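Predicted, not measured: the structure shown is a model, and the values here were computed from it. Here is the naming used below: chain letters follow the sequence lines, and residue numbers restart at 1 for every chain.
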Amino acid sequence: MAERDYLNELNDVQRLAVQHTEGPVMIIAGAGSGKTRVLTYRIAHLLEKGVDPFNILALTFTNKAAREMKSRIETIVGGTEARNLWMGTFHSVFAKILRFEAEKLGYPSNFTIYDTDDSKSLIKTILKEEQLDDKVYKPGSVLSRISAAKSSLISPTAYLQNNEIQNDDKMSAKPKLGIVYQKYASRCFKSGAMDFDDLLYQTNILLRDFPDVLHKYQHKFRYVMVDEYQDTNFSQYVIVKKLAAVFENICVVGDDAQSIYGFRGANIQNILNFEKDYPDLKTFKLEQNYRSTKTIVDAANNIIAHNRDQLKKEVWTDNDAGTKIKVSRAMSDNEEGALIAHAIFEYKMNEQVHDKDFAVLYRTNAQSRAIEEALRKLNISYRIYGGLSFYQRKEIKDLIAYFRLAANPADEEALKRVINYPTRGIGKTTIEKISVIASERDTSMWDVMTNPAHHPLPVHGGTSEKLGNFITMIKSFNIGLPKTSAYSLAEHIAQSSGILKELYSDKSTEGVSRYENIQELLNAIKEFDESPAVDENGELIERMRTLDEFIQDIALLTDADEKDKDDLDKVSLMTIHAAKGLEFPYVFVSGMEENLFPSQLSLNSRADLEEERRLFYVALTRAEKQAHLTFAVSRYKWGNLIHCEPSRFLEEIEPKYLEFSGGASTARTNVETSFEPRQKTVWKPKTPETRPTGYQAKEKKTYTHSSTKPNLTRASTSQITSKPVGADQLELIQKLQVGMQVEHEKFGNGKVLQIEGIMPNTKATVFFPDVGQKQLLLKFAKLRIISNN
DNA sequence: GTGTAATGCTATTGG
DNA sequence: AGCATTACAC
């Protein structure tokens with residue numbers, strides 16, 4: 001395609017942004033303003049101008065975005081040119097560079113990439129060794145603390161020396177966090193492993209400590225582009241800044257209004273302060289929205305106007321006003337699902353649209369189940385994005401652990417995973433012994449196992465023999481690595497490890513499916529095996545593909561990266577986070593409720609609440625034609641039915657853009673056509689005497705709302721109603737007193753010593769002469785009152 | 001050491 | 001309600 005042609009497809013600002021290739025550029029791109037188009041055309045433009053694709057680095061946040069962009073560039077400039085572009089996620093691009101430069105940092109070039117599970121498991125091991133309580137030091141939060149440190153480029157040493165951090169940790173009763181961080185880092189290093197954050201952290205170390213390396217990449221990447229710049233963290237910011245320091249041909253694209261990854265360290269200041277970093281910055285604002293109706297754009301502007309921290313920008317559109325945004329109330333989460341399913345059904349009937357034109361978005365993954373069930377009932381096909389990806393399934397991780405071990409026997413997490421799977425008589429005790437010795441001697445478990453002369457292992461002859469067999473097996477895999485093609489070795493490992501046999505013998509539905517998944521993995525490896533290798537310069541080379549090559553970047557793949565089945569006509573279900581960058585004609589945003597969206601955890605700080613609001617902005621602006629917001633009045637959480645109030649966000653849209661309806665699902669939900677979104681009055685939970693009982697909550701009249709009687713909502717329900725607790729249990733909860741004699745169907749007669757907890761989770765401590773003292777949850781316990789004393 | 005029953009914890013968001 | 005870890009029996 002000639003240059004003129006694609007430049008004509010751009011509006012004035014877009015065109016200027018594409019043509020301004022030299023020097024620092026910031027493109028503030030409102031939702032739906034053609035950001036991807038500008039980015040791809042910009043790269044195409046550079047190539048047409050004669051810039052070598054090897055000199056262009058484009059960083060994205062998802063593999064999918066990178067792939068999409070690459071293929072769009074291909075259609076403009078042709079495949080050979082596009083192939084040589086450095087384009088990918090931060091993690092994948094720098095993993096590639098790190099593998100190339102690994103020795104400088106003391107890592108093997110085939111280092112393992114630990115995924116979150118590996119990291120957590122390692123943290124658990126360390127906690128055990130340090131005798132720290134994992135209820136105080138929750139592995140997940142320990143990991144996010146470590147992750148935050150790495151993302152801010154704080155080394156373990158710096159962490160331990162920083163008074164402020166140390167105080168923080170003491171205040172949160174976790175004074176040993178720094179020690180855990182230190183141990184964690186050194187264990188990863190000894191295992192030849194990097195976690196996700198290391199891919200950026202170690203890149204920073206590399207660029208900091210090896211000026212020649214920095215120089216090399218600075219001159220290699222003469223043009224640097226960063227997509228979704230508002231989502232970069234400090235570590236990424238520094239990398240980008242350093243790489244672009246020589247030529248300053250840096251172009252960042254982003255939208256502060258769509259910054260939704262603060263929770264994992266993204267720093268919105270990176271975009272807000274970009275001007276300070278580059279005084280001669282040229283800024284382009286893409287403000288025309290091509291995606292959505294005027295109603296949606298204006299409503300989205302309403303929402304974001306409630307945020308204080310933002311760059312000035314006016315998103316507008318030439319599109320029609322379109323229909324109003326629908327808002328529906330459902331009685332429960334299940335009914336919300338039904339309502340959505342029925343609405344989709346009706347849209348399809350009335351407007352001749354397809355399943356793939358719909359997306360259902362939610363705040364948390366747990367919300368998907370009710371929606372799935374409802375869609376299944378109406379035979380509407382759907383696809384869930386997010387959740388467990390193929391490579392996170394247990395059976396897949398098991399087999400891959402063998403592959404990892406073959407490539408890098410020091411990989412401790414892989415070792416622990418399969419040393420006794422399938423069971424071969426190497427149990428917990430033995431593994432612990434090895435682990436302790438490894439820790440004491442500051443070496444890897446593999447080293448301990450394979451050098452009994454240096455590290456005497458106090459195990460029996462039988463155990464020692466079993467260990468020997470395992471070692472021999474792994475060694476043989478290791479030797480096979482360079483001389484066997486990926487597929488034959490993978491198949492061999494699946495066989496001789498016993499995994500295939502283990503799964504084959506399980507004839508349950510799940511077992512069969514696990515077996516099939518293994519087959520699918522092997523097929524994928526076969527496909528990989530038969531695809532050509534590419535060298536450093538992007539040239540195709542004749543060479544055998546090996547298994548370690550295959551597993552290298554698997555940890556970086558996510559669910560969204562599984563073969564794009566775009567041809568499939570299915571409704572998309574995903575979290576709002578996962579929906580960023582996507583668009584659909586019809587978008588449902590479900591669970592518009594206080595404490596869910598905005599999340600309860602966001603209510604304590606302005607910054608967090610503003611991020612939730614941006615999240616809502618992102619959700620709404622995914623819609624092209626019709627947005628439909630839904631909320632439920634009650635929903636199950638941890639097995640309990642809780643009462644929910646409509647989200648405050650609903651009030652932040654001017655009513656003229658909204659159309660309230662009871663929903664299209666069942667007659668029961670149709671009683672009302674309008675309601676008061678949310679009562680601003682603060683109210684206290686009622687006393688037990690006036691509180692409606694759990695099973696009454698099922699009656700619809702309890703929940704009747706009316707715009708003319710704003711207090712009804714408040715007056716009608718309690719904050720926490722019980723799950724349909726049986727009438728018997730309910731009576732029990734209300735009547736039971738300390739000192740009463742009760743009868744339990746299993747424990748016999750006993751005496752009530754104590755009653756505590758808030759209804760319906762009231763607990764009683766009862767002493768049974770036969771079995772001793774027991775704590776009973778009254779809503780479940782089958783207790784009968786015998787007498788009052 | 002292995003397998004099963006009981007217990008207890010959890011659910012922001014993700015590369 | 002579902003899942004992972006733990007406790008206990010074999």
Side-chain angles (χ1 to χ4, degrees), chain A residues 59-66 88-95 113-117 119-121 124 134-135 138-141 143-144 147 151 194-200 228 231-233 235-236 259-266 333 361-370 385-389 391-392 394 420-432 459-460 462-463 466 553-561 574-580 591 595-603 608 611-612 614-616 618-619 635-642 723 774-775 777 780:
Chain A
L59 297 166
T60 61
F61 269 76
T62 62
N63 294 306
K64 195 180 177 196
T89 63
F90 271 91
H91 290 89
S92 70
V93 165
F94 295 115
I113 298 174
Y114 273 179
D115 66 16
T116 310
D117 287 343
S119 297
K120 279 189 192 156
S121 149
K124 278 184 200 161
D134 66 358
K135 282 178 188 88
K138 289 194 183 127
S141 62
L143 179 60
S144 57
S147 167
S151 303
M194 294 199 198
D195 67 13
F196 289 138
D197 302 302
D198 277 329
L199 296 175
L200 307 171
E228 309 280 14
D231 289 333
T232 51
N233 60 32
S235 183
Q236 292 164 322
S259 161
I260 56 175
Y261 283 103
F263 71 92
R264 66 172 202 223
D333 45 1
L361 310 183
Y362 34 80
R363 179 66 180 82
T364 67
N365 280 307
Q367 289 167 251
S368 73
R369 220 188 49 180
Y385 291 77
L388 270 199
S389 89
Y391 289 105
Q392 287 173 311
K394 184 190 171 302
N420 197 33
Y421 179 80
T423 47
R424 46 174 73 89
I426 305 173
K428 225 171 40 186
T429 327
T430 310
I431 296 169
E432 209 128 282
V459 291
H460 299 294
T463 310
K466 286 168 188 162
D553 296 329
I554 273 183
L556 301 176
L557 294 179
T558 61
D559 173 53
D561 300 319
M574 63 188 95
T575 63
I576 302 167
H577 284 88
K580 192 156 80 143
N595 298 328
L596 179 60
F597 193 23
S599 153
Q600 188 159 23
L601 288 106
S602 73
L603 301 179
D608 287 351
E611 180 152 315
E612 292 284 306
R614 292 192 294 269
L615 197 53
F616 184 37
V618 168
R635 136 182 342 267
Y636 278 98
K637 194 176 187 182
W638 292 316
N640 283 338
L641 192 67
I642 56 158
K723 146 187 196 147
K774 295 277 175 194
Q775 287 235 324
L777 200 52
F780 296 135

Peer 1: Under the 3.5 Å rule, do the base of B:dG15 and the side chain of A:Asn63 count as making a donor-acceptor pair?
Peer 2: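 For A:Asn63, whose side chain was compared with the base of B:dG15, there is no donor-acceptor pair (under 3.5 Å).
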Peer 1: Mind calculating the distance between NZ (A:Lys580) and P (B:dG15) to the nearest angstrom?
Peer 2: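 So the two atoms are 11 Å apart, to the nearest Å.
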Peer 1: Indicate yes or no for a side-chain donor-acceptor contact from A:Asn420 to the backbone of A:Gly425 under 3.5 Å, with no hydrogens or angles considered.
Peer 2: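 Indeed, once roles are kept as given, a pair shorter than 3.5 Å links the two residues.
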Peer 1: Starting from the 5' end of DNA chain B, give me the residue, A:Lys138 or A:Leu615, whose nearest nucleotide shows up first.
Peer 2: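 With A:Lys138 and A:Leu615 compared, the 5'-side residue is A:Lys138.
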Peer 1: Could you state the atom-to-atom distance from CG of A:Asp195 to C1' of B:dG14 in whole Å?
Peer 2: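 In whole Å, B:dG14 C1' and A:Asp195 CG are 14 Å from each other.
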Peer 1: Would you please name every residue forming a side chain to side chain donor-acceptor pair (under 3.5 Å) with A:Lys580, sequence neighbours left out?
Peer 2: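 For A:Lys580, the residues satisfying side chain to side chain donor-acceptor pair (under 3.5 Å) (neighbours in sequence not counted) are A:Glu228, A:Asp231.
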Peer 1: Can you tell me how far P in B:dA11 sits from the matching atom in C:dT6, rounded to whole Å?
Peer 2: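 Here B:dA11 and C:dT6 have their P atoms 16 Å from each other.
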Peer 1: When the distance from CZ of A:Phe196 to P of B:dT13 is rounded to whole Å, what number comes out?
Peer 2: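 In whole Å, B:dT13 P and A:Phe196 CZ are 16 Å from each other.
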Peer 1: Please produce a list of atom pairs where a protein N or O lies less than 3.5 Å from an N or O of nucleotides 1-3 of chain B.
Peer 2:
residue : atom : partner  : partner atom : Å
B:dG1   : OP1  : A:Thr430 : OG1          : 2.5
B:dG1   : OP2  : A:Thr429 : OG1          : 2.8
B:dT2   : OP1  : A:Gly425 : N            : 3.0
B:dT2   : OP2  : A:Asn420 : ND2          : 3.2

Peer 1: I'd like to check the side chain to side chain donor-acceptor pair (under 3.5 Å) partners of A:Thr575; sequence neighbours left out, ordered by chain and number.
Peer 2: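 Side chain to side chain donor-acceptor pair (under 3.5 Å) list for A:Thr575, sorted by chain: empty.
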Peer 1: How is A:Asp197 classified with respect to the nucleic acid when contacts are heavy atoms under 4.0 Å: base, sugar-phosphate, or nothing?
Peer 2: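 A:Asp197: base contact, heavy atoms under 4.0 Å.
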Peer 1: Check side chain to side chain donor-acceptor pair (under 3.5 Å) between A:Arg264 and all other residues, then give those that pass, not counting sequence neighbours.
Peer 2: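 Once residues adjacent in sequence are excluded, A:Arg264 has no partner under the side chain to side chain donor-acceptor pair (under 3.5 Å) criterion.
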Peer 1: Just to confirm, is there a sub-4.0 Å distance from OP1 or OP2 of B:dG14 to any side-chain nitrogen or oxygen of A:Thr575?
Peer 2: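 Checking A:Thr575 against B:dG14: at least one side-chain N or O falls below 4.0 Å of OP1 or OP2.
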Peer 1: Heavy atoms from C-beta onward define the side chain here; which of C:dA1, B:dG15, B:dG14 lies closest to that of A:Trp638?
Peer 2: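 Of the candidates, C:dA1 comes closest.
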Peer 1: A:Ala578 has a side chain; which of B:dA11, B:dG14, B:dG15 sits nearest to it?
Peer 2: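 Out of B:dA11, B:dG14, B:dG15, the nucleotide with an atom closest to A:Ala578's side chain is B:dG14.
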Peer 1: May I ask you to decide if A:Leu200's main-chain N or O and A:Gln236's side chain share a donor-acceptor pair within less than 3.5 Å?
Peer 2: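 No; zero donor-acceptor contacts below 3.5 Å.
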Peer 1: Taking ring pair (Phe, Tyr, Trp, His ring centres under 6.0 Å) as the definition, give me every residue that meets it alongside A:Phe616, ordered by chain and number, with sequence neighbours left out.
Peer 2: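 Partners of A:Phe616 by the ring pair (Phe, Tyr, Trp, His ring centres under 6.0 Å) criterion, ordered by chain and then number, come out as A:Phe597, A:Phe649.
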Peer 1: From CG of A:Leu557 over to C1' of B:dG14, roughly how many Å is that when rounded to an integer?
Peer 2: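 For the pair A:Leu557 CG and B:dG14 C1', the rounded distance is 14 Å.
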Peer 1: Quick one: side chain to side chain donor-acceptor pair (under 3.5 Å) partners of A:Ser147, sequence neighbours excluded?
Peer 2: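 Only A:Asp197 meet the side chain to side chain donor-acceptor pair (under 3.5 Å) criterion with A:Ser147.
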Peer 1: Determine the contact category for A:Lys124: base if any of its heavy atoms lies under 4.0 Å from a base atom, sugar-phosphate if only primed atoms, P, OP1 or OP2 are that close, otherwise nothing.
Peer 2: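 Here A:Lys124 touches the backbone only, sparing every base.
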Peer 1: Select one nucleotide: of B:dG15, B:dG14, B:dT10, the one nearest the side-chain heavy atoms of A:Phe263.
Peer 2: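 Per side-chain heavy atoms of A:Phe263, the pick is B:dG14.
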Peer 1: Please check the phosphate of B:dG14 (OP1 and OP2 only) for any side-chain N or O of A:Asn365 closer than 4.0 Å.
Peer 2: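 It does, given that an N or O in the side chain of A:Asn365 lies less than 4.0 Å from OP1 or OP2 of B:dG14.
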Peer 1: Using a 4.0 Å heavy-atom cut-off across all strands, classify A:Arg614 as base, sugar-phosphate, or nothing.
Peer 2: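 If one applies the 4.0 Å heavy-atom cut-off, A:Arg614 turns out to touch nothing in the nucleic acid.
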Peer 1: Can you find a side chain N or O atom of A:Arg369 that sits less than 4.0 Å from OP1 or OP2 on C:dG2?
Peer 2: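 For C:dG2, OP1/OP2 do have a side-chain N/O of A:Arg369 under 4.0 Å.
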Peer 1: Looking at every heavy atom in both A:His577 and A:Tyr261, which two are closest together, and how far apart are they?
Peer 2: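 Result for this residue pair: O-OH, 3.5 Å.
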Peer 1: Map A:Tyr261 and A:Lys637 onto DNA chain B by nearest heavy atom, then report which one ends up closer to the 5' terminus.
Peer 2: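 In this pair, the answer is A:Lys637.
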Peer 1: Rounded to the Å, how far apart are A:Tyr391 OH and B:dG15 C1'?
Peer 2: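 After rounding, the gap between these two atoms is 16 Å.
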Peer 1: Could you state the atom-to-atom distance from NZ of A:Lys135 to P of C:dT5 in whole Å?
Peer 2: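 So the NZ-P distance, A:Lys135 to C:dT5, works out to 12 Å.
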Peer 1: Measure from OH on A:Tyr114 to P on B:dG15 and round the result to the nearest Å.
Peer 2: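 The distance from OH of A:Tyr114 to P of B:dG15 comes to 21 Å, rounded to the nearest Å.
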Peer 1: B:dT13 and C:dA4: how far apart are their C1' atoms, nearest whole angstrom?
Peer 2: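 Result for the C1' pair: 22 Å, nearest Å.
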Peer 1: How many whole angstroms separate atom CG of A:Leu601 from atom P of B:dG14?
Peer 2: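 In whole Å, B:dG14 P lies 15 Å from A:Leu601 CG.
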